[in-house]
Structures are given as C-alpha cells and as structure tokens.
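Reading through the structure tokens given below for one structure.
Heads up: numbering here begins at 1 and tracks the sequence.
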Amino acid sequence: MKGKQVLLTGGTGGLGLGVTPAVLAQGAEVTIPYRSLKDVERLKGILSPADIARIQFLPANLQDEASVEQLISRMIRVDVLIHLVGGFSMGKTHEYSFDSWKHELELNLNTTFLTCKYSLKRMLENGYGRIVTVSSRAGVEPAGQLAAYSAAKAGVIALTKAIADETKGTNITANTVLPSVIDTPTNRQAMGAENADKWVKPESIAEVICFLASEAAKDVRGAAIPVYGNV
C-alpha cells in the first residue's frame, strides 16, 4: 500500500489500535475520521512521530450522509477503504427495544453503506480501489441475544458481495472479514477475560485486512474470510 490514500474508519478504536499501525507499516497515507479527541490521543500514544505525520485526522459523523460525503471529498483520492466501525449490544428478541435495533443497524450497516457509497464513487473515477469491510462470525452463524447485531453484520456481508459483483471487470475489489470475538479492552470489560486467550488479536485481523487492501489481492473479490482464532 505504499503511497496509497487509505480511508480508515474506526482507526482510533479497539480494533483500530491493531490495524492502524499495520496499515502505516505498509507505507500508506491514512485519513482517520474521529468523534473523540481522547481516542485520537490514545492512538497517537502508540505511534511514532513519523507515522503520525502520515495521518490526517478529520472530525466526522459516519451515521450522517452529508458528513460522510464531506469527509471523503476532502481526500486527495480514495485508493483504499478499510471500514472498522461497529459495535454490539445484547438482548433477547422479545425484550429488545426498537431503538436499540435501529441503533445496531445504524452503527454497523448504515455506516458501512455510506462510506462504501462515497468511496466507491471516487474509486470509479480513478479506476482503482480496495474495499475491506468488517462483518462478524455472527453474520453467518447468528446467535441468541444477538439478533440485531447478527442481522446488521449479515447485511454487511451482502452489501460487500453486491459491490464486488458491481465492480467485476474493474481494478476495484470488495471483501469482508469475519472475526469471532476480538481481544479488545471493551470486550474484556463486557465479557470478562477468562477466555481472552482464545479470542482473535487485532494484530492478527490486521494482517488479513492489509492483504485484502493490497494490490496483491486483485483477484480476490466478494470473499467473506473467517478469522475465528480458537473460539
């Protein structure tokens, strides 16, 4: 990815702390949207000054179409989109609120659609692009108390595969990765750390993402790649 312009959403989050350094190590120029300056400072704390100099931090609300359009219009071009933004909440379907259901779709699926939509427009203009989204094992193996999350992540897979089909015959690809439980501080806090040694490390997911985002993956399109660790 040397010299490529990469839009990396969620780059300051738990998964992003593993993915962002890996993307920078590939030589990319990175744009990271953010909501919290505290998260930006946390990321900067693990990066070298030289790496920080290759990041453009821009405030954005990825659930708002105008904000996403403005974000992407400020980039020189979009060679690569790596969309990490997401999150989950649990609850039995008959007890789960409609507001929570809508929030899961907004956070996991709608942000993916909006960033893909406007990144893809720029990629089509330039004739090159790599789109990598993050779904979940729950998207293909739905679990109880995760109905909303599973539905949203299944939507991410379908969206990514549809884009891959639309871009056949071009030098644009779209693929998704399916982590199981990711070993992040948030997940350890939510679920305890007893089984964390079996979870997938962000750095491991980063290796798969970086391959899919590279020129070497030109013949991989529409893939949904399991990254389950030992779960």
Side-chain angles (χ1 to χ4, degrees), residues 1-35 39-40 42-44 46-62 67-86 111-135 156 159-160 163-164 167 170-177 179 182 202-218 220-221 223 225 227:
M1 282 185 279
K2 186 171 179 59
K4 298 298 186 188
Q5 295 291 328
V6 178
L7 175 58
L8 176 55
T9 73
T12 62
L15 177 55
L17 293 177
V19 174
T20 301
V23 172
L24 289 165
Q26 299 283 325
E29 302 290 329
V30 181
T31 295
I32 297 179
Y34 70 90
R35 298 292 296 272
D39 290 341
V40 171
R42 180 179 65 167
L43 174 63
K44 286 182 176 179
I46 66 168
L47 299 175
S48 69
D51 280 344
I52 294 170
R54 286 190 285 122
I55 302 176
Q56 175 182 219
F57 291 100
L58 295 176
N61 176 7
L62 300 186
S67 182
V68 174
E69 184 176 18
Q70 182 181 45
L71 164 72
I72 292 173
S73 71
R74 293 179 65 181
M75 295 181 63
I76 297 170
R77 64 183 187 277
V78 183
D79 298 314
V80 177
L81 166 63
I82 299 172
H83 184 69
L84 307 180
V85 169
T111 61
T112 308
F113 167 70
L114 289 173
T115 52
C116 285
K117 173 183 177 178
Y118 287 98
S119 296
L120 184 56
K121 284 186 175 184
R122 298 291 301 277
M123 292 172 179
L124 288 166
E125 290 170 2
N126 295 317
Y128 180 90
R130 299 287 182 268
I131 293 173
V132 186
T133 63
V134 177
S135 179
V156 170
L159 170 64
T160 307
I163 293 170
T167 53
T170 72
N171 197 9
I172 298 169
T173 65
N175 298 284
T176 191
V177 296
I182 304 173
E203 294 78 9
S204 179
I205 298 169
E207 293 297 321
V208 180
I209 288 174
C210 284
F211 169 69
L212 293 174
S214 73
E215 293 188 43
K218 61 183 174 62
V220 184
R221 54 183 71 240
I225 299 179
V227 191

### Query
Does NZ or CZ of Lys4 fall inside the cone over Tyr128's six-membered ring, less than 6.0 Å from its centre and within 45° of the axis?
yes
### Message
Quick one, Val220 with Thr173, criterion side chain to side chain contact (heavy atoms under 4.5 Å, CB included). Give me CA distance, side-chain angles, the key distance, then yes/no.
### Response
CA-CA 7 Å; Val220 184; Thr173 65; over 6 Å; no
### Message
Determine whether a donor-acceptor pair (N or O, by modelled atom type, separation under 3.5 Å) exists between the side chain of Ser119 and the backbone of Cys116.
### Response
no
### Query
Within a strict 4.5 Å, meaning less than it, do heavy atoms of the Leu8 and Ile55 side chains meet?
no
### Task
Kindly indicate whether the side chain of Pro33, heavy atoms from C-beta on, has any atom under 4.5 Å from the side chain of Thr12.
no
### Message
According to salt bridge (charged side-chain N to carboxylate O under 4.0 Å, His left out), who are the partners of Arg221, at least two apart in sequence or on a separate chain?
### Response
none
#### Entry: Closest non-hydrogen atom pair between Leu17 and Ile46, with its separation
O-CD1, 3.5 Å
### Message
Taking side-chain hydrogen bond (donor to acceptor under 3.5 Å, both in side chains) as the definition, give me every residue that meets it alongside Gln56, ordered by chain and number, with sequence neighbours left out.
### Response
Thr31
### Query
How close do Gly3 and Arg77 get, heavy atom to heavy atom, and via which atoms?
O-NH2, 3.3 Å
### Message
The test is side chain to side chain contact (heavy atoms under 4.5 Å, CB included); show your working for Thr167 and Met123 and say whether it passes.
### Response
CA-CA 10 Å; Thr167 53; Met123 292 172 179; over 6 Å; no
### Non-neighbouring partners of Arg35 that pass side chain to side chain contact (heavy atoms under 4.5 Å, CB included), sequence neighbours left out
Asn61
### Task
Report yes if the side chains of Leu43 and Ile32 come closer than 4.5 Å at any heavy-atom pair, otherwise no.
yes
### Query
Do any N or O atoms from the side chain of Arg122 and from the backbone of Ile76 form a donor-acceptor pair under 3.5 angstrom?
yes
### Message
Would you compute the distance between atom NZ of Lys117 and atom OG1 of Thr112 and round it to the nearest 0.5 angstrom?
### Response
14.5 Å
### Message
Within the 4.5 Å heavy-atom criterion, are Val132 and Asn175 side-chain neighbours or not?
### Response
no
### Query
To the nearest 0.5 Å, how far apart are OH in Tyr34 and CG in Leu62?
12.5 Å
### Message
Can a donor-acceptor pair be found, under 3.5 Å and without considering hydrogens, that links the side chain of Thr9 to the backbone of Leu84?
### Response
yes
### Task
Specify the closest pair of heavy atoms between Ser204 and Val227, including all atoms of both residues, with the distance to one decimal.
OG-CG1, 4.5 Å
### Task
Report yes or no: does Ser48 contribute a side-chain atom to a donor-acceptor pair with the main-chain N or O of Asp51 at less than 3.5 Å?
yes
### Query
Do Leu24 and Arg54 come within less than 4.5 Å of each other through their side chains, counting heavy atoms only?
yes
### From NZ (Lys218) to OG1 (Thr170), nearest 0.5 Å
12.5 Å
### Task
State whether the number of non-hydrogen atoms from other residues, nucleotides or ligands found under 6.0 Å of Arg42 atom CZ is greater than 12.
yes
### Query
Taking atom types as modelled and ignoring hydrogens, do the side chains of Thr133 and His83 form a donor-acceptor contact shorter than 3.5 angstrom?
no
### Message
On a heavy-atom basis, which atom in Gly18 and which in Pro202 lie closest, and how many Å separate them?
### Response
CA-CB, 3.9 Å
#### Entry: Gap separating the CD1 atom of Ile82 from the CD1 atom of Ile209, nearest 0.5 angstrom
6.0 Å
### Derivation of the side chain to side chain contact (heavy atoms under 4.5 Å, CB included) call for Val80 and Gln5
CA-CA 6 Å; Val80 177; Gln5 295 291 328; over 6 Å; no
### Query
About how many Å separate OG of Ser214 and CE of Met1, when rounded to the nearest 0.5 Å?
7.0 Å
### Message
Has Arg130 got a side-chain atom pairing as donor or acceptor with Ala174's backbone, closer than 3.5 angstrom?
### Response
no
### Query
Heavy atoms, side chains only, cut-off 4.5 Å: are Thr176 and Val134 in contact?
no
### Message
Taking Gly11's backbone N and O only, do any of them form a donor-acceptor pair with Thr20's side chain (distance below 3.5 Å, no angle check)?
### Response
yes
### Task
Could you tell me the separation between the CG atom of Leu15 and the CD1 atom of Ile182, rounded to the nearest 0.5 Å?
4.5 Å
### Query
What's the shortest heavy-atom distance between Leu47 and Pro21, and which atoms?
CD2-CG, 4.0 Å
### Leu120/Ile131 under side chain to side chain contact (heavy atoms under 4.5 Å, CB included): CA gap, chis, key distance, verdict
CA-CA 8 Å; Leu120 184 56; Ile131 293 173; 4.3 Å; yes
### Message
Check whether Asn126 reaches the backbone of Asp79 with its side chain - one donor and one acceptor, N or O, closer than 3.5 Å.
### Response
no
